[in-house]
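Below: one structure, written as structure tokens.
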Amino acid sequence: MARHLITSAIPYINGIKHLGNLVGSQLPADLFARYLRGRGHEVLFLCATDEHGTPAELAAAKAGKPVAEYCAEMWQVQKDLSDGFGLSFDHFGRSSSPQNHRLTQHFADRLHAAGLIEEVTEKQVYSNADGRFLPDRYIEGTCPNCGYEKARGDQCENCTMQLDPVDLIDPRSAISGSTDLEVRETRHLYLRQSQMRGKLSDWIGSKTDWPVLTTSIARKWLNDGDGLQDRGITRDLDWGIPVRHEDGSPWEGMEGKVFYVWFDAPIEYIACGAEWSEAQGLEAAAWERWWREDKGAGDVTYTQFMGKDNVPFHALSFPATLMGSGEPWKLVDYIKSFNYLNYDGGQFSTSQGRGVFMDQALDILPADYWRWWLLSHAPENSDAEFTWENFQMNVNKDLADVLGNFVSRVTKFCRSKYGLTVPEGGAPGPREEALIGRLATRIRGYEAHMDAIEVRKAAAALRAIWVEGNEYLQEAAPWATFKQDPETAAMQIRLALNLVRLYAVLSAPFIPDAAAAMLGAMNTDDDAWPDDVLAALSALPPGHGFEVPEVLFAKITDDAREDWQARFAGQRGA
RNA sequence: GGGCCUGUAGCUCAAUUGGUCAGAGCAGAGCGCUCAUAACGCUUUGGUUGGGGGUUCGAGUCCCUCCGGGCCUACCA
């Protein structure tokens with residue numbers, strides 16, 4: 001039994017996430033967590049909402065609510081959707097939690113003491129009408145290069161030229177449209193990441209088993225141009241973690257400022273552990289044994305899941321924070337990063353409301369349908385594509401025909417010939433031995449893919465295990481056997497009923513609700529992992545009662561598919 | 001502009017890291033079965049591996065080049 005700490009990239013508080021966000025971090029993280037728990041390991045699986053930053057303030061303003069209230073409401077919305085998708089977080093926290101305030105201020109103090117924080121005076125654009133400093137991309141104007149009128153302050157999306165806000169002709173606030181802008185001086189804290197370049201480079205260099213996507217992005221940041229750059233970790237905003245010392249005393253010159261969201265967001269992974277232990281009524285030692293090498297985390301394996309856009313912060317900035325503190329914090333052991341899922345020929349887009357969002361997905365189909373399709377098409381090696389036709393065909397074939405129908409034919413056949421108990425009699429022969437041998441090989445292969453977090457390969461391996469059941473039934477043909485030799489047919493169907501339980505256990509990480517329904521129908525709570533396949537296939541003894549379950553997976557009809565296709569083609573309704 | 005990823009059968013993806021006739025699933029075709037959600041099983045048709053050149057006994061895999069797709073490029077998160 002090993003100990004596994006798992007975190008999923010924390011979703012931004014602003015709005016409901018789409019299926020691309022889901023499959024890029026939370027869903028595969030949940031798959032891994034459920035699998036490891038199923039194998040009997042000790043798992044702490046954490047996620048939270050990322051609540052600070054300019055977009056949260058603007059969204060709250062748009063909703064006409066105080067930002068704290070807005071975030072609290074949106075946290076509940078996201079929590080409910082997480083539950084709806086069966087995401088099995090041990091705790092779903094908030095980056096605005098008191099625990100994160102304390103820890104973020106703690107890390108800033110430690111980094112300061114280590115000489116890794118410096119004060120920098122810089123010039124930023126201030127909007128008098130909006131009453132706030134504007135991040136570069138919240139400033140719009142005419143591109144000096146190509147004349148495009150809606151160029152952003154960081155880059156012109158028409159000619160792709162890198163810009164500085166002061167380059168723009170007729171600059172205006174992207175929030176209010178106001179042209180009453182001025183350049184003001186402001187002081188900020190910078191994390192001297194450049195000082196840690198060698199240490200980070202050695203550390204990344206030691207991670208030879210990480211996905212190319214992860215290490216190549218990290219190396220690029222380490223080595224490009226002048227190398228890793230220092231990074232501002234504070235902002236002039238109202239909503240966030242105040243720049244103060246851990247003991248509450250003011251940080252001279254930083255009054256009224258907050259920490260930058262990308263400084264405090266990863267620290268929430270740790271704070272979320274603290275939230276978890278408090279929620280459980282446990283002492284601090286409970287979370288520290290996951291996060292502190294000197295307090296029991298020495299044997300913890302820590303795996304992070306995220307989309308590729310998050311890699312620099314997890315592979316460099318956060319480790320710089322942890323290492324720079326001089327304290328023995330647990331560093332990530334494996335970063336699993338994902339590419340993007342596209343929607344029907346283009347990108348999912350939160351701002352344009354394009355694609356299927358988590359709430360809509362659950363409105364039209366059970367979570368397991370989405371979980372299965374998304375995981376079996378996870379964008380591991382390159383961007384993947386969602387189309388309704390592909391979704392319909394795959395789900396119908398894999399879930400309804402291969403798995404669902406197997407459960408249905410086995411349970412109904414048994415009910416009609418032997419009644420609703422596992423039949424007795426008969427003895428396994430060479431055919432059953434061969435089946436068990438094949439299953440054992442396939443199950444070990446499935447485990448290998450899951451251990452390596454090869455999500456798509458694991459899904460294919462699982463499906464092949466399901467297919468074995470149908471092949472066996474076809475060959476054994478208990479409906480024919482029954483006429484000459486009802487004892488042997490009883491053995492065959494007893495085996496098949498045990499396969500239903502076995503499939504429930506193996507499939508639970510992918511399709512937890514259906515797995516639970518299968519175990520329920522088999523009238524058992526024995527969900528032990530089949531380390532010994534032979535033994536696992538006699539878990540349900542003769543005489544054990546069972547039920548014929550409701551249809552596990554109703555098929556998606558052409559009409560429904562066409563309806564959804566049309567409904568989600570345009571913009572998301574207000 | 002720079003960096004990285006990617007292009008394999010109609011579709012979604014493999015290919016033990018340079019080693020037998022490039023493999024699966026779906027879709028298509030044929031046959032079988034009838035327990036089952038018109039489901040299942042078996043057989044089978046599809047590929048000059050984006051184009052061109054090179055290295056090698058041997059290239060989907062390595063190098064060059066051209067074409068296409070995508071991501072990142074540090075003050076969105």
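Just so you know, these numbers use all the heavy atoms, side chains as well, and skip hydrogens, waters and symmetry mates. Chain letters run A, B, ... following the sequence lines, proteins first, then strands; residues in each count from 1.
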**Study point:** Under-3.5 Å donor-acceptor pair between A/W262 side chain and B/A77 base
**Key:** yes
So the salt bridge (Lys or Arg N to Asp or Glu O under 4.0 Å) pairs with at least one residue in residues 492-503 of chain A (sequence neighbours excluded) are A/R501-A/D526
Taken in chain and number order and not counting sequence neighbours, the residues that satisfy ring-ring contact (aromatic ring centres under 6.0 Å, His included) with A/F348 are A/H18, A/Y343
Using atom C1' of each nucleotide, how far apart are B/G50 and B/C42 to the nearest Å? 36 Å
Can you check the distance between B/A15 and B/U61, where both ends of the measurement are the P atom (answer in whole Å)? 14 Å
Expected list for residues 396-405 of chain A near RNA chain B, using heavy atoms below 4.0 Å, is A/K397, A/A400, A/D401, A/G404, A/N405
In short, salt bridge (Lys or Arg N to Asp or Glu O under 4.0 Å) pairs touching residues 472-482 of chain A with sequence neighbours left out are A/R431-A/E475
With the side chain defined as heavy atoms from C-beta on, A/M393 is closest, among B/A74, B/A77, B/C26, to B/C26
Can you tabulate the close N/O pairs, meaning under 3.5 Å, that link protein atoms to atoms of nucleotides 4-8 of chain B?
{"unit_1": "B/C4", "atom_1": "O2'", "unit_2": "A/S216", "atom_2": "OG", "d": "3.3"}

query: Are OP1 or OP2 of B/A14 and a side-chain N or O of A/R456 less than 4.0 angstrom apart?
result: yes
When the C1' atoms of B/G60 and B/G18 are considered, how many whole Å apart are they?
11 Å
Those residues at least two apart in sequence (or on a different chain) that pass ring-ring contact (aromatic ring centres under 6.0 Å, His included) with A/Y126 are A/F133
Between the protein and nucleotides 44-47 of chain B, list every N/O to N/O distance that falls short of 3.5 Å.
none

Every stem of 3 or more Watson-Crick or G-U pairs under 3.5 Å that RNA chain B joins, in order of first number, is B:1-7 with B:67-73, B:10-13 with B:23-26, B:28-32 with B:40-44, B:50-54 with B:62-66
Across all chains, not counting sequence neighbours, the ring-ring contact (aromatic ring centres under 6.0 Å, His included) partners of A/Y12 are none
Taking B/G25, B/C13, B/C72 as options, the one with an atom nearest any side-chain atom of A/R463 is B/G25
Set out, line by line, the N/O atom pairs under 3.5 Å between protein and nucleotides 28-35 of chain B.
{"unit_1": "B/G32", "atom_1": "N2", "unit_2": "A/Q474", "atom_2": "NE2", "d": "3.2"}
{"unit_1": "B/C35", "atom_1": "O2'", "unit_2": "A/R409", "atom_2": "O", "d": "3.2"}
{"unit_1": "B/C35", "atom_1": "O2", "unit_2": "A/R409", "atom_2": "NE", "d": "3.0"}
{"unit_1": "B/C35", "atom_1": "N3", "unit_2": "A/R409", "atom_2": "NE", "d": "3.3"}
{"unit_1": "B/C35", "atom_1": "N3", "unit_2": "A/R409", "atom_2": "NH2", "d": "2.5"}
{"unit_1": "B/C35", "atom_1": "N4", "unit_2": "A/R409", "atom_2": "NH2", "d": "3.1"}

Name every donor-acceptor pair, under 3.5 Å, that has one atom in a side chain of residues 554-561 of chain A and the other anywhere in the protein, sequence neighbours excluded.
{"unit_1": "A/K555", "atom_1": "NZ", "unit_2": "A/D401", "atom_2": "OD1", "d": "2.8"}
{"unit_1": "A/T557", "atom_1": "OG1", "unit_2": "A/A560", "atom_2": "N", "d": "3.1"}
{"unit_1": "A/D558", "atom_1": "OD1", "unit_2": "A/Q392", "atom_2": "NE2", "d": "2.8"}
{"unit_1": "A/R561", "atom_1": "NE", "unit_2": "A/Q565", "atom_2": "OE1", "d": "3.4"}
{"unit_1": "A/R561", "atom_1": "NH1", "unit_2": "A/Q392", "atom_2": "OE1", "d": "2.9"}

Below 3.5 Å, can you tabulate the donor-acceptor pairs from side chains in residues 443-453 of chain A to any protein atom, sequence neighbours excluded?
{"unit_1": "A/R444", "atom_1": "NE", "unit_2": "A/E447", "atom_2": "OE1", "d": "2.9"}
{"unit_1": "A/R444", "atom_1": "NH1", "unit_2": "A/D531", "atom_2": "O", "d": "3.4"}
{"unit_1": "A/R444", "atom_1": "NH2", "unit_2": "A/E447", "atom_2": "OE2", "d": "3.1"}
{"unit_1": "A/R444", "atom_1": "NH2", "unit_2": "A/P530", "atom_2": "O", "d": "2.9"}
{"unit_1": "A/Y446", "atom_1": "OH", "unit_2": "A/L506", "atom_2": "O", "d": "2.7"}
{"unit_1": "A/E447", "atom_1": "OE2", "unit_2": "A/W529", "atom_2": "NE1", "d": "2.7"}
{"unit_1": "A/D451", "atom_1": "OD1", "unit_2": "A/Y35", "atom_2": "OH", "d": "2.9"}

